[in-house]
Trainee: 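This is the structure I have questions about; it appears just below.
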Amino acid sequence: MRAEDKEPPPPSFTVQCGVPDHILPTVPTSQHLNRLAAHLSSEWKSVLLDLGLSLADLYRCCADHPLAIQSQVLAGLVMWTQRNGREATVRRLLQSLQPADIPPSDLQQVFV
């Protein structure tokens, strides 16, 4: 098989999401986080754990917002950005979101 005949590798997850390159190194805005919270479902706890929050942090989010999962998710995402400052980038967030089975097209809507 010649090198020209090989299929190119699939695009990276960040490319699939269509997030502009200039957004990747930035800290997500409150609007980004709110939109993302609306798209995260049962995977939200594993995403936040991957971002470095503890089980106690997740419990606090749930206790503070017992009736609204979207508010629990948003509280966790805000906690992550506050703790990590400039290190809490869209790129890092996408790394944790990749295994969460959110369609890349949904994530594109979040970050544009």
Trainee: So L97 and L36, do their side chains get closer than 4.5 Å, heavy atoms only?
Mentor: yes

Trainee: Heavy atoms, side chains only, cut-off 4.5 Å: are C61 and K45 in contact?
Mentor: no

Trainee: Looking at Q108, I want to see if its CD is surrounded by more than 12 non-hydrogen atoms of other residues, nucleotides or ligands under 6.0 Å.
Mentor: yes

Trainee: If I compare all heavy atoms of A100 with all of V47, which pair ends up nearest, and what's the gap?
Mentor: CB-CG2, 3.8 Å

Trainee: Side-chain heavy atoms under 4.5 angstrom apart, residues restricted to Ile, Leu, Val, Met, Phe, Trp, Tyr: same cluster for Y59 and L40?
Mentor: no

Trainee: Please round to the nearest 0.5 Å and tell me the distance separating atom OG1 of T81 and atom CZ of R86.
Mentor: 13.5 Å

Trainee: In terms of heavy-atom contacts, does CG of L49 have more than 12 from other residues, nucleotides or ligands at under 6.0 Å?
Mentor: yes

Trainee: S96 side chain to L93 main-chain N or O, any donor-acceptor pair under 3.5 Å?
Mentor: no

Trainee: Flag yes if more than 12 heavy atoms outside D21 fall under 6.0 Å of its CG atom; otherwise flag no.
Mentor: no

Trainee: Looking at every heavy atom in both L51 and R92, which two are closest together, and how far apart are they?
Mentor: CA-NH2, 3.8 Å

Trainee: So L48 and D57, do their side chains get closer than 4.5 Å, heavy atoms only?
Mentor: no

Trainee: Mind checking the OG-CD1 spacing from S41 to I69? Nearest 0.5 Å is all I need.
Mentor: 9.0 Å

Trainee: Closest approach of Q72 and C62, non-hydrogen atoms and distance?
Mentor: OE1-SG, 3.6 Å

Trainee: For residues 23-31, dump all side-chain donor-acceptor pairs below 3.5 Å to protein atoms at least two apart in sequence or in another chain.
Mentor:
| from | atom 1 | to | atom 2 | distance (Å) |
| --- | --- | --- | --- | --- |
| T26 | OG1 | I23 | O | 2.6 |
| T29 | OG1 | Q31 | N | 3.4 |
| T29 | OG1 | H32 | N | 3.0 |
| T29 | OG1 | H32 | ND1 | 3.2 |
| Q31 | OE1 | R35 | NH2 | 3.4 |

Trainee: Rounded at 0.5 Å granularity, tell me how far CH2 in W44 sits from CD1 in I102.
Mentor: 13.5 Å

Trainee: Measure the NE2-CD distance between H39 and Q70 for me, rounded to the nearest 0.5 Å.
Mentor: 9.5 Å

Trainee: Could you measure the distance from the CG atom of D50 to the CD atom of E43? Nearest 0.5 Å is fine.
Mentor: 11.5 Å

